[in-house]
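What you are looking at is a predicted structure, and each value in this text was computed from that prediction instead of being measured.
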Amino acid sequence: MRLLAAGLLLLGVAALSASCGVGQTGIAASGDVSQGKQLFVSRCGTCHRLADAGTNGTIGPDLDGAFAGAQAQQFRLSTIRQVVYDQIYHAADPMPRKLVTGADAEAVASYVASVAGTGAASHGAPPTVTGQTPGGGGGGLAATGGKLYESLGCSACHSLTGAKGTGPTFKGLYGSKVQLSNGQTVTADAGYLLQSILDPDKLIVKGYPKGIMSATIRPGSVSAAKAKALIAFIKSKK
Ligand code: HEC
Ligand code: HEC
């Protein structure tokens, strides 16, 4: 069960940490990370496999698998960190909330973001990359995504009919070629869509202004699991 019913975000915290420009690499490189590793082993490892930590829990998702897609897409470290941090505060059963808080939660989030899915650890078994493609086309996941499309307000800007709105239509988006404002053309695969949802300002579709989507959908505010459901939904809109 990698679908998480993560709750709403600490938008305030997200905005705060973004605006005071905390040096992410500084945090990741400092003692916080080793403290985070210790905390992870003792508090999280019973339920989660993470190669770098040497933990093998199976109650929760394999965190290398969960973040491999995001790492491959070179998400900002801060985005992944935020996803982990939010998960700690807003986890749904059976994962207990607030196992660690404050600076400890930041340390754990920094640590997980710095190693999960990077393939950095040299422990034998390769991470299972299951997070990449949402739900193998499962109707349930797409249906969940359809509800999120309404409840998160994506429908205000993205039509399902092919009509251009404030944002591009979702009809036919999956697998199409998208021209970006930086002159590149990319294929709208799961990785691209994930990035567009988790970090809306990073890649901008040509002809649309930057900052419109991110003003409503803050970077990192949609959980990885919700994004996966949304992608399954988008994929179903051929
Ligand atoms: C009692 C078992 C348990 C413990 C302890 C636990 N988790 Fe979880 N975790 C889960 C389960 C089950 C899920 C999937 C369901 C959900 O999202 O709530 C999950 C989901 C996650 C996810 C989302 C993964 C994805 O696929 O997007 C992250 C990140 C995460 N946990 C991090 C942590 C961290 C960090 C800790 C320690 C502070 C921790 N977990 C402790 C059981 C646990
Ligand atoms: C306030 C309007 C607005 C809202 C709300 C919004 N978006 Fe967007 N979105 C945009 C705009 C404008 C763009 C094009 C500029 C860019 O690439 O950021 C865009 C781009 C995208 C893209 C890339 C589309 C393409 O053609 O390549 C995806 C995927 C996306 N949004 C998904 C979502 C999802 C999922 C939600 C809901 C969680 C959402 N958006 C909510 C305005 C919005």
Side-chain angles (χ1 to χ4, degrees), residues 1-71 75-123 125 127-128 130-131 194 197-199 218-228:
M1 285 279 96
R2 48 188 47 262
L3 184 61
L4 51 108
L8 293 167
L9 281 205
L10 294 177
L11 288 179
V13 172
L16 196 70
S17 54
S19 63
C20 61
V22 175
Q24 308 295 359
T25 48
I27 286 179
S30 77
D32 284 25
V33 168
S34 58
Q35 188 203 346
K37 182 171 183 171
Q38 285 177 9
L39 287 165
F40 184 89
V41 170
S42 61
R43 313 304 290 273
C44 320
T46 42
C47 292
H48 290 286
R49 180 176 183 282
L50 182 64
D52 184 85
T55 61
N56 282 302
T58 53
I59 296 168
D62 173 342
L63 294 185
D64 287 309
F67 291 106
Q71 299 279 13
F75 276 28
R76 289 178 203 159
L77 193 59
S78 57
T79 303
I80 301 176
R81 205 167 154 260
Q82 189 68 45
V83 169
V84 179
Y85 187 84
D86 290 328
Q87 174 71 20
I88 293 171
Y89 276 86
H90 301 286
D93 284 344
M95 176 166 154
R97 289 186 194 177
K98 303 186 190 171
L99 279 169
V100 286
T101 56
D104 285 350
E106 283 173 18
V108 171
S110 295
Y111 165 65
V112 174
S114 71
V115 299
T118 58
S122 51
H123 291 263
T128 44
T130 48
L194 190 60
I197 297 168
L198 295 191
D199 200 353
R218 296 265 169 213
S221 71
V222 178
S223 72
K226 283 185 180 169
K228 282 181 216 160

What residues, two or more places apart in sequence or in another chain, satisfy side-chain contact (heavy atoms from CB on, under 4.5 Å) together with [X]?
X	answer
D199	R76, T79, K202, P219
V108	L39, F40, C44, I88, V100, V112
T101	Y89, K98

Inspect the contact between R43 and D104 and indicate whether a charged nitrogen and a carboxylate oxygen are less than 4.0 angstrom apart.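 Judged by the 4.0 Å cut-off on N to carboxylate O distance, D104 and R43 do not form a salt bridge.
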Atom pair [atom1] ([X]) and [atom2] ([Y]), whose distance is rounded to the nearest 0.5 Å:
X	Y	atom1	atom2	answer
I197	K226	CD1	NZ	12.5 Å
Y111	Q35	OH	CD	13.0 Å
R97	Q87	CZ	CD	9.5 Å
S114	K37	OG	NZ	9.0 Å

As a test of understanding, state which of D64, L63, D62 forms a side chain to side chain contact (heavy atoms under 4.5 Å, CB included) with H48. L63
Test your reading of the model: is there a side-chain donor-acceptor pair from S110 to the backbone of V33, 3.5 Å cut-off?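 Judged by distance alone, no pair lies under 3.5 Å.
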Between the main-chain N or O of Q38 and the side-chain N or O of S42, is there a donor-acceptor pair closer than 3.5 Å?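 Checking the backbone N and O of Q38 against the side chain of S42, a donor-acceptor pair under 3.5 Å is found.
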List the atom of [X], the atom of [Y], and the distance in Å for their closest heavy-atom pair.
X	Y	answer
V222	L198	O-CD2, 2.9 Å
A227	L194	CB-CD1, 3.6 Å
G102	Y85	O-CE1, 4.3 Å

Any chance you could lay out the side chain to side chain contact (heavy atoms under 4.5 Å, CB included) test for T118 and F67, step after step, and finish with the verdict? CA-CA 8 Å; T118 58; F67 291 106; over 6 Å; no
Check whether any side-chain heavy atom of I59 sits under 4.5 Å from a side-chain heavy atom of T46, and report yes or no. no
